[in-house]
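Counting starts at 1 for both ligands and their atoms, following the listed order.
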Amino acid sequence: MKKLIISLVMFGCGFGSDLLIQNIYNRETSTLNGKWNYIVDPYENGFYNYRYTPFDETADPTMSGGYFTNQKATQPSDRVEYDFDLSDRIKVPGDWNHQKEKLYYYEGTIWYKKSFDHVKQNQGNRVFVHFGAANYQADVYLNGHKLGVHKGGFTPFNYEITDILKELDNFLVVKVDNTRKKDEVPTVNTDWWNFGGLTRDVKIVELPATFISDYFVQLEKNSLQEIRGYVQLNGKDGTGQKVELLIPELKIRKKIVTDEQGRVEFSVSSKRINLWSPENPQLYDVIIKTDTDEILDHIGFRSISTLDQDILLNGKPIFLKGICIHEENPIRGGRAYSIEDSRMLLGWAKELGCNYVRLAHYPHNEHMLRLADEMGIMVWEENPVYWTISWENEQTYATAQQQLGELISRDKNRAAVIIWSMANETPVSESRMNFLINLRKFALGLDDTRLISAALEIHGEGEFGLTKKISDPFADFVDVLSFNQYIGWYDGLPDKCDQINWSIKQNKPVIVSEFGGGALHGFHGDSLSRWTEEYQEYLFKESIEMLQRIPQLRGTSPWILTDFHSPRRVLPGIQDDWNRKGLISESGDKKKAFYIMQDFYNQISVQKIKKLNK
Ligand code: GCU
């Protein structure tokens, strides 16, 4: 396991062969969003020949029936048994499950095809195709040439197409396979819908022969004045290049020169930084220039740290008034992907009184992070190491590390992101500990400015398990001690909350990263009738009283903002494929428990928790 990690870290995202273009968001791009032709291929007939050999590995071109060649019958005698242009079309971005009735439950391969022209603005430029995400595995081909394979349903990837691109009639073919597999990340069992497809934006980006491929610009850990980071160039002239870093409003203009790897580290200081915070989400224009390239970003500067049981934002204790969010637009149904979706979800969080969100259980689309930066909402981001991962499998670890690297590479310049979460509700074992400890080490190697956490579980002791503690050994490796608990829903009824004694020994800040229960909006009854709004309301009232008795409590993120799709939730008339723990229904209606949580956030503070537990 150890040797594997070293090799991966050397070639991890951001400074090796796994180029991931930083800040595609602000690059000039041409979009490939819109209608793509698609072919459903459950037997992967377009990928394997009848001997189950991949077409793209066969030497004999006549054998090449691979759909990625986008063949056309040109003679009446020709035999071609597929035709993208005569096939149905589907919208990109967007999962296929909610766009086509027949694909609601589909798990398998679907081929996408998009034709496009591209006339380069400058002959010396390089051209890339960039995907915001594809769930779960994407095999990508341009004009019949294989560009690469990406695994992981929630992180970006890109391929250089400079030498394959034509001015007219390019055809981009993507084989997307969302089949769940035991050794993948996540594994086969999740409590969310396995939305398949090209679920985020697809763009063509043209860049100079030597361009700014990556950079990191953030306050140094525990500093309020020192801005540190690096700039990475990509291209044959990356060595010894002059680079200028400008932050005009801070009157910062730093001239630096890249080393033989095209990389240069820097630090600049300013006593006049207007620190980013929920009350003051100040973003600065940051410009990075070389002789051949220039990129603009909008970056906030803030410090996040812990001191004993406190979480300090810019040196001051803060209570994280949070909510968990799945990446789903419940009203439309299916994966959320647009800035409008983000405005709706984060708007509801703000209405709830949140200054913080837990983006569960995987990296969400970049619109969410950019908007959180602007709105002043702190963010917990999570790698999809969920439940029963194949801890012993080295390839599984490599996939988990690759996805974590892509997440950190994409979002490391977003002030809103304060916590990298390694996992959710994973069973304790030696191999799981090695897996998570190595992920933590990898994350800190890429970014030591943020807090590390993971959603753990509590363990009961004593009569009926009324004394709750954290005995998970990973608790010693996190900065913030987070756990999910469902007392009153999975563990007894809401009146059990009052009997709980907290015995959390760790001298660390505690976030209760999940709690709550289900209710069907509009279904009313007494407070012990399961699935009524009254039961959920009662459960939230009792939970809040119980959680405030945790002396180290510094944040809560109830499960969950809105009802969301899950194949595990099949109770007719109540669930019908929806997990009903949302505080908001799939129609956008607030349930009674929403207002219990809103009242709590309107008055809670660190001082109040300390006073309650004196
Ligand atoms: C778990 C898990 C969630 C799940 C929730 C539930 O804690 O983390 O992904 O949806 O509980 O049971 O609804």
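Within the 4.0 Å heavy-atom shell around ligand 1 one does not find Trp192. Residue-ligand proximity: Arg569 is placed with a non-hydrogen atom under 4.0 Å from ligand 1.
Among all protein heavy atoms, the one lying closest to atom 12 (O) of ligand 1 is Tyr490 OH, 2.5 Å. Closest to atom 4 (C) of ligand 1, if we only count protein heavy atoms, is Asp191 OD2, 3.2 Å. The protein atom (non-hydrogen) at minimum distance from atom 13 (O) of ligand 1 is Lys581 NZ, 2.7 Å. When hydrogens are left out, the protein atom nearest atom 7 (O) of ligand 1 is Glu425 OE2, 2.3 Å; that is the closest non-hydrogen contact. Atom 8 (O) of ligand 1 has its closest protein heavy atom at Glu514 OE2, 2.8 Å.
Note on ring orientation: taking the six-membered ring where Trp is involved, the planes of Phe564 and His326 are tilted (angle from 30° to 60°).
Shown here for Ile304 and Thr449, the closest heavy-atom pair between the two residues is CG2-O, 3.6 Å. Nearest approach of Glu514 to Cys324, heavy atoms of both residues: CG-SG, 4.0 Å. Scanning all heavy atoms of the two residues, the minimum distance from Arg414 to Arg450 falls at O-NH2, 2.8 Å. The two atoms that bring Arg432 and Asp472 nearest to each other are NH2-OD2, 2.5 Å, heavy atoms only. Residue Trp192 comes nearest to Pro186 through the heavy atom pair CZ2-CG, 3.7 Å, listed as atom of the first residue, atom of the second, then distance. When all heavy atoms of Trp276 and Asp373 are compared, the pair lying nearest together is NE1-O, 2.9 Å.
Contacts between Ile560 and ligand 1 below 4.0 angstrom, taking non-hydrogen atoms only, are absent altogether. Contacts with ligand 1 closer than 4.0 Å are made by side-chain heavy atoms of Asn579 only, the backbone lying farther away.
One side chain, His150 or Gln402, offers a donor N or O that lies under 3.5 Å from an acceptor on the other. Counted by atom type alone, Lys175 and Thr109 present one or more donor-acceptor pairs between their side chains at under 3.5 Å.
The Asn484 neighbourhood of ligand 1 comprises atoms 7 (O), 8 (O), with distances under 4.0 Å to a heavy atom of that residue. Close approach of ligand 1 to Tyr486 is summarised as follows: ligand atoms under 4.0 Å from at least one heavy atom of the residue are 5 (C), 7 (O), 11 (O). Per-residue contacts place His361 under 4.0 angstrom from the following atoms of ligand 1 (heavy atoms of the residue considered): 3 (C), 8 (O), 9 (O). Numbered from 1 in the order shown, with element, the atoms of ligand 1 that lie under 4.0 Å from a heavy atom of Phe564 read 10 (O). The ligand atoms of ligand 1 that sit less than 4.0 angstrom from a heavy atom of Tyr386 are 2 (C), 3 (C), 9 (O).
Considering backbone and side-chain atoms alike, His326 places every N or O at 3.5 Å or more from each N or O of ligand 1.
The OG atom of Ser305 lies 9.5 Å from the CD1 atom of Ile311; values are rounded to the nearest 0.5 Å.
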